[in-house]
Amino acid sequence: MASDALFEEIYLCQEKNSKPVGIRFGSIVFAPNLTPVDPCTGALKAQDLDGQIDGIFESIDVFLKSSGLGHDNIIRITFFMSDLTDRIKLNPPWENWFPNPNDRPPHKYVPTTLPEGLLVSAQVMALEGFHPRKVLEVAGVVHNDPMSMGALTGNLVTSSRVVTGEQTDNEEEHTAKVFANVGALLNNAGGDYKNLTQVTAFIGGPEFRASVEKELQQLTGSGNDAPILHLIEANLGGSRFARLEVLGLL
């Protein structure tokens, strides 16, 4: 760790709650699991999903402001939900925060087990300082929801879930295509596969692990400089083939 890199724990209610909600490390500000609760009492702000979605966006705002940051500093947000059925309810507040599609950081939603009564939580990644955000695109591939495929903020590349944009019943063809789209995203940022630092593959079952591992190794090698690979088995609806989320450094 560089001796001049600031490491700081971030609290939202120091006088009543000794539990930090995030950290600042150098210029990176990170909160792993913000919730729609009052930071001082720990009480849920609402019992229903609509109210908790309002509450989680409020919690994100409070966290950013406590760090001296704003929406322009966001590099990616992940929403964790116990049930993805009503995920489209995230769209209106997201579009309200980022009405310009050409200045919209990536976000995604992931199904997970949450504590009883909690319906949504959020992971926040932000970058200190003003870094004009470049939205990254893949020709012919768009999400149905108002989320960018990826963004370059400073020298950091983040993505939402990268998909193929076309259907195929052949797993190897699908995997090659989705990695090709990751390559196109990196090219749009001015980089290539060597700039990958992490790949997270969401797959529908263990039988899809091998094709992801094989394709990534062919593209990046298997040495110490190869990106970290996470394979997460999750039911995202639709195809069970791999969808990829990436982090990169230019």
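These figures come from a predicted structure and were not determined experimentally.
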Working note: Ser211 + Glu171, criterion side-chain hydrogen bond (donor to acceptor under 3.5 Å, both in side chains); need CA distance, chi angles, decisive distance, verdict. CA-CA 8 Å; Ser211 65; Glu171 180 194 353; 2.6 Å; yes

Start with the C-alpha distance between Arg76 and Glu245, add both sets of side-chain angles, then the distance that settles side chain to side chain contact (heavy atoms under 4.5 Å, CB included), and finish with yes or no. CA-CA 11 Å; Arg76 190 178 69 199; Glu245 168 200 310; 3.1 Å; yes

What's the verdict on side-chain hydrogen bond (donor to acceptor under 3.5 Å, both in side chains) for Asp83 and Thr85, showing C-alpha distance, side-chain angles and the deciding distance? CA-CA 6 Å; Asp83 184 355; Thr85 304; 2.6 Å; yes

The test is side chain to side chain contact (heavy atoms under 4.5 Å, CB included); show your working for Leu127 and Asn73 and say whether it passes. CA-CA 5 Å; Leu127 188 63; Asn73 300 101; 5.6 Å; no

Decide side chain to side chain contact (heavy atoms under 4.5 Å, CB included) for Cys40 and Glu15; before the verdict, give the C-alpha distance in whole Å, the side-chain angles of both, and the deciding distance to 0.1 Å. CA-CA 8 Å; Cys40 292; Glu15 65 276 14; 4.2 Å; yes

Using side chain to side chain contact (heavy atoms under 4.5 Å, CB included), reason through Asn155 and Leu249 one step at a time and then give a plain yes or no. CA-CA 6 Å; Asn155 64 340; Leu249 186 64; 3.4 Å; yes

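Cluster membership check: Met147 does not share its hydrophobic cluster with Val246, using side-chain heavy-atom separations under 4.5 Å among Ile, Leu, Val, Met, Phe, Trp and Tyr. In the hydrophobic cluster analysis, where Ile, Leu, Val, Met, Phe, Trp and Tyr join through side-chain heavy atoms closer than 4.5 angstrom, Leu152 is grouped apart from Leu156. Under a hydrophobic-cluster definition in which Ile, Leu, Val, Met, Phe, Trp and Tyr are linked whenever side-chain heavy atoms come within less than 4.5 Å, directly or via other members, Leu247 and Val157 are assigned to different clusters. Put simply, Phe208 and Val110 are part of two different groups of oily side chains (I, L, V, M, F, W, Y) that touch within less than 4.5 Å, one to the next. Taking hydrophobic clusters as Ile, Leu, Val, Met, Phe, Trp and Tyr residues chained together by side-chain heavy-atom distances below 4.5 Å, Val62 does not share a cluster with Tyr11.
Pairing each heavy atom of His143 with each of Arg161, the nearest pair is CE1-O, 2.9 Å. Taking every heavy atom of both residues into account, Pro105 and Ser148 meet most closely at C-OG, 3.3 Å. Listed here is the closest heavy atom pair of Ile75 and Ala126: CG1-N, 3.8 Å. Listed here is the closest heavy atom pair of Ser66 and Ile10: OG-CG2, 3.7 Å. Nearest heavy atom pair, residue Gly55 against residue Lys45, reads O-NZ, 3.9 Å. Of all non-hydrogen atoms in Leu12 and Pro39, the two that sit nearest each other are CB-CB, 3.7 Å.
You'll find the side chain of Met125 stays beyond 4.5 Å of the side chain of Ile28, heavy atoms only. Counting heavy atoms from C-beta outward, Pro36 and Leu118 have side chains that approach closer than 4.5 Å. The side-chain heavy atoms of Ile228 and His230, taken from C-beta on, include a pair separated by under 4.5 Å. The side-chain heavy atoms of Trp97 and Asp61, taken from C-beta on, include a pair separated by under 4.5 Å. The closest side-chain heavy-atom distance from Leu90 to Ile53 is below 4.5 Å. Side chains of Lys89 and Leu49 form a contact here, defined as non-hydrogen atoms less than 4.5 Å apart. Using a 4.5 Å heavy-atom cutoff, the side chains of Gln123 and Phe30 are in contact. Side-chain contact check for Leu216 versus Phe179: some heavy-atom pair is nearer than 4.5 Å.
Atom-to-atom distance recorded for Ser160:OG and Leu244:CG is 11.0 Å, nearest 0.5 angstrom. Here the straight-line distance linking atom CD1 of Ile60 with atom CZ of Phe57 works out to 5.5 Å at 0.5 Å rounding. Annotation: the span from Leu229 atom CG to Arg209 atom CZ amounts to 8.0 Å, rounded to 0.5 Å. Taken from CZ in Phe79 to NZ in Lys108, the straight-line distance is 10.5 Å, to the nearest 0.5 Å. Note that OG of Ser239 and CD1 of Ile203 are 11.5 Å apart. Values are rounded to the nearest 0.5 Å. Expressed to the nearest 0.5 Å, how far CG of Leu219 lies from OH of Tyr193 amounts to 5.0 Å.
In the model, Glu215 has no side-chain atom that pairs as donor or acceptor with a side-chain atom of Thr175 under 3.5 Å.
Within a 6.0 Å sphere centred on CG of Asn91, other residues, nucleotides and ligands contribute more than 12 heavy atoms. Within a 6.0 Å sphere centred on CG of Asn100, other residues, nucleotides and ligands contribute more than 12 heavy atoms. In the displayed structure, Gln218 atom CD is contacted under 6.0 Å by more than 12 heavy atoms of other residues, nucleotides or ligands. Heavy atoms from other residues, nucleotides or ligands lying under 6.0 Å from CG of Asp225 number 12 at most. Atom CG of Asn170 has more than 12 neighbouring heavy atoms from other residues, nucleotides or ligands inside a 6.0 Å radius.
Using cut-offs of 30° and 60° on the angle between ring planes, the pair His107 and Trp94 is tilted. Using bins of under 30°, 30° to 60° and over 60° for the plane-to-plane angle, the ring pair His71/Phe98 lands in the tilted bin.
Judged purely by atom type and a 3.5 angstrom limit, Asn195 has no side-chain atom pairing as donor or acceptor with the backbone of Gly248. No donor-acceptor distance shorter than 3.5 angstrom exists from the side chain of Ser82 to the backbone of Leu114, with no hydrogens or angles considered. Listed for the Lys134 side chain is a donor-acceptor partner under 3.5 Å among the backbone atoms of Asn188. Side-chain N or O atoms of Ser67 include none that pairs as donor or acceptor with a backbone N or O of Leu69 at under 3.5 Å. A donor-acceptor pair under 3.5 Å is formed between the side chain of Arg133 and the backbone N or O of Ile74. In terms of modelled atom types and a separation under 3.5 Å, the side chain of Asn181 and the main chain of Thr164 share a donor-acceptor contact.
Under the side chain to side chain donor-acceptor pair (under 3.5 Å) rule, Ser121 has a single partner from Asn33, Thr35, Thr78, which is Asn33.
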